[in-house]
Amino acid sequence: DADVKLDGREISGSVTGGDFCGGLNRYRVYFVVQFDRDPASVGSSSGAAWQPGQLSANGPHTRAFVSFPADADKLLIKAAISYVSLANARNNLQTEIPAWDFDKVRHDARAAWSDVLSHAQVNGGTEAQRKVFYTALYHSLIHPSVFNDVNGEYLGFDNHVHRVTGRQQYANFSGWDIYRDQVQLIAMLFPKVASDIAQSFVADAEQSGRLPKWSVANAESNVMVGDPADVILASIYAFGARDFDSSSALKAMLRGANTPDLKVGTHPERPDLRSYLERGYVYYQGDANHDEEGTEGNGSASVTLEYQSADFAIAQMAKALGDTADAGKFLARSADWRKSFDPATRFIRPRNKNGNFRPAFDPAHSDGFVEGNSAQYTWMIPFDLHGLIAAIGGPDAANAHLDDYFSHYGGGQEPYFNINNEPSFADPWIYNWTGHPWRAQEVIRKTLSDLFTTQPDGLPGNDDLGATSAWVVFAQLGIYPAIPGVGGVTFNTPTFPEALVKLGDHSLRIVAPTAGQNAYIKSVFLDGHPLKSWWIPWVDMARASAIEFSLSPQPSKDAGGIPPSFSPESGSE
């Protein structure tokens, strides 16, 4: 549905949108468009034929036109939107662009982006590498979107108008995509923005009764699977962005993880939660014969792992806030990934309702998985890689498994590394846990070189609101937040000889003088002190002045200190 009104030098109206990725979400956006001169003619239509001179229309096929004299050599247009009202859209326009000074608007926009991009300044490398880096950083910071108007008003998940002061309300969260790296990047570089994002989640949960998964405007689209808000909130907190109501955040996280029937409209926060709580996994249900409304059982193995990552994140958040009981409970729940691991094949596999693994196993087949397969999802135990490596047969077996996995770039139906999609993002760094860190350095550098370029096809797959681009930013800097919900990074060889990263108000230099010539790491120093592990906790990184890489043209076969892993037996290793 839409409506439009023409009034002199202005067009205004509203339009209802939605159906994101086939979802049932709806929103209404109000708009004002203004011109710097009078149009020569106008018209509108709500049907097949244009009606010249008609100044308004409404209905599902509404449209309007304006035309200007043929001798007009320049036309200035400015526009604004609001999700609250037409009056707010007009106020946004008058407040943000009061004059017709095109050069000032262009200058201000460029200055704003230059300031944002200056939070990661890289030197050296090739021109193409710098273009890839800054394009990726730019993409990483476009979303989520500021949702409130300049007067602080926004339309909440309860369809009532709310007002924020001292912060921004954000919207459009592709949770399944961004929880693995993009929110960590924002938290590191812009802790105030990350805190506002977290508080936006809290507000959404208070207004709707549950945390969003993939929200568009002020409604849940229910796209993708899992419970990513838990990891987003825990990761933001773990990386030091804590200017939000963390207690209310944890309450919302616990409510969603413990309440099988918690819904927004027809959308449960965790579909098949009852099955998960009873068995420690979501059982496979195919495309029919679903037992629970909103089921995700046909991607059961993926959903199970997503819930376990979410449970691990809740455990970390609870621990940080002094809730030791829930910290222990949810760490134990996260360890149920072992129920989906088949020791005979040494892969994650979906189980049927009777508890048996699905027959006719093929690690390349996507049966029971969401946008991936068993070969790719088997590595998605980022919080307990020690346990996974041991289950596969130890470091030697895991390294052989990984070497085969990285022998090709794969898609959804191929049993290989697939950088096009998020479940594979952290996989190269697993070599840091298996004692072959030089292989991580090789794989990441090759992936950056082969697949991320300045050419039209230089961004593989769907960027998913900056998720893939955030991977590039981290990989080129030589650090990666490999354990969602935990503050800290593991390493690879940086692309640039030097980078200056502003962690909020604190600056960190990442130095690798021979990065252009040498692909392998000999040693890493934090403020001049050699690191004994392939991991820097955020508490140390946040106050450090420099990370220095000593590089070599030949791989160092020293396993080094293995990064942490978490399980009920070890707590944190």
Side-chain angles (χ1 to χ4, degrees), residues 115-123 137 140-141 181-198 231-244 246 249 313 316-317 319-322 383 429 432 437 470 473-513 515 521 523-551 560-566 571-573:
D115 177 65
V116 168
L117 297 175
S118 73
H119 280 248
Q121 300 175 29
V122 297
N123 294 309
L137 183 60
S140 301
L141 303 176
D181 56 13
Q182 193 248 8
V183 294
Q184 290 87 339
L185 182 64
I186 292 175
M188 291 169 61
L189 301 182
F190 306 97
K192 173 56 177 166
V193 173
S195 294
D196 286 357
I197 289 171
V231 191
I232 290 171
L233 289 166
S235 295
I236 288 174
Y237 189 92
F239 277 90
R242 299 178 178 179
D243 185 17
F244 67 97
S246 55
Q316 296 304 297
M317 189 75 161
K319 181 180 178 181
L321 298 182
F383 51 87
W429 287 272
N432 289 350
V473 172
F474 278 122
Q476 287 190 302
L477 290 175
I479 56 177
Y480 193 76
I483 311 176
V486 174
V489 297
T490 189
F491 312 129
N492 61 283
T493 309
T495 297
F496 303 103
E498 185 175 14
L500 181 66
V501 182
K502 297 178 185 177
L503 306 176
D505 295 329
H506 173 71
S507 293
L508 173 70
R509 291 172 63 240
I510 300 175
V511 184
I521 298 173
S523 53
V524 184
F525 300 84
L526 188 67
D527 285 344
H529 301 287
L531 291 174
K532 298 179 181 179
S533 168
W534 292 95
W535 182 264
I536 302 180
W538 173 248
V539 66
D540 295 333
M541 184 175 170
R543 62 192 180 199
S545 297
I547 302 174
E548 300 166 273
F549 290 81
S550 175
L551 305 181
I562 305 300
S565 192
F566 301 80
S572 172
E573 298 175 1

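- Here Asp527 pairs with nothing under the side-chain hydrogen bond (donor to acceptor under 3.5 Å, both in side chains) rule; sequence neighbours left out.
- Contact annotation: the side chain of Phe239 approaches that of Pro481 to within less than 4.5 Å [non-hydrogen atoms, C-beta and beyond].
- Checked by atom type and distance alone, the side chain of Glu548 never pairs as donor or acceptor with a backbone atom of Val511 at under 3.5 Å.
- Separating the CD atom in Gln184 from the CG atom in Leu189 is a distance of 11.5 Å, to the nearest 0.5 Å.
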Practice prompt. Carefully, step by step, assess Ile536 and Ile547 under the rule side-chain contact (heavy atoms from CB on, under 4.5 Å).
Written response: CA-CA 10 Å; Ile536 302 180; Ile547 302 174; 3.7 Å; yes
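- Applying the side-chain hydrogen bond (donor to acceptor under 3.5 Å, both in side chains) test to Thr490 and every residue at least two apart in sequence or in another chain returns Asn432.
- With contacts defined as side-chain heavy-atom distances shorter than 4.5 Å, the pair Leu508/Leu500 does not qualify.
- Separation of atoms CD1 (Ile479) and CE (Met541) is listed at 3.5 Å; rounding is to 0.5 Å.
- Summarising the geometry of Gly487 relative to Ala238, their closest heavy-atom pair is N-CB, 3.3 Å, with the distance given to 0.1 Å.
- Residue Leu477 comes nearest to Ala499 through the heavy atom pair CD2-CB, 3.7 Å, listed as atom of the first residue, atom of the second, then distance.
- Taking every heavy atom of both residues into account, Leu526 and Ala544 meet most closely at CD1-CB, 3.5 Å.
- Annotation: the span from Leu185 atom CG to Ser235 atom OG amounts to 12.5 Å, rounded to 0.5 Å.
- Going from atom CG of Asp505 over to atom NZ of Lys192 covers 13.0 Å, rounded to the nearest 0.5 Å.
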Worksheet entry | Step-by-step side-chain contact (heavy atoms from CB on, under 4.5 Å) determination, Tyr480 to Val489 | CA-CA 5 Å; Tyr480 193 76; Val489 297; 5.8 Å; no
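- Side-chain atoms of Gln121 and Lys502, non-hydrogen and from C-beta on, do get closer than 4.5 Å to each other.
- Distance alone, capped at 3.5 Å, places no donor-acceptor pair between the Gln316 side chain and the Ala313 backbone.
- Glu498 pairs by the side-chain hydrogen bond (donor to acceptor under 3.5 Å, both in side chains) definition with Arg509, not counting sequence neighbours.
- Distance CD/Gln476 to CG/Asn492: 10.0 Å, rounded to 0.5 Å.
- Sorted by first and then second residue, the pairs that involve residues 530-540 and meet side-chain hydrogen bond (donor to acceptor under 3.5 Å, both in side chains), not counting sequence neighbours, are Asp540-Arg543.
- With sequence neighbours left out, Phe244 forms a ring pair (Phe, Tyr, Trp, His ring centres under 6.0 Å) with no residue at all.
- Across all their heavy atoms, Asp243 and Ser195 have their closest contact at N-OG, 3.0 Å.
- By the side-chain hydrogen bond (donor to acceptor under 3.5 Å, both in side chains) test, Arg242 is found to be paired with no residue, residues two or more places apart in sequence or in another chain being considered.
- From Ile236, atom CD1 reaches atom CG of Asp196 across 10.0 Å, with rounding to the nearest 0.5 Å.
- Considering only heavy atoms from C-beta on, Pro564 comes within 4.5 Å of Ile483 through its side chain.
- Phe190 approaches Leu141 most closely through the heavy-atom pair CE1-CD1, 3.8 Å.
- Between Ser140 and Ala470 the shortest heavy-atom distance is OG-N, 3.1 Å.
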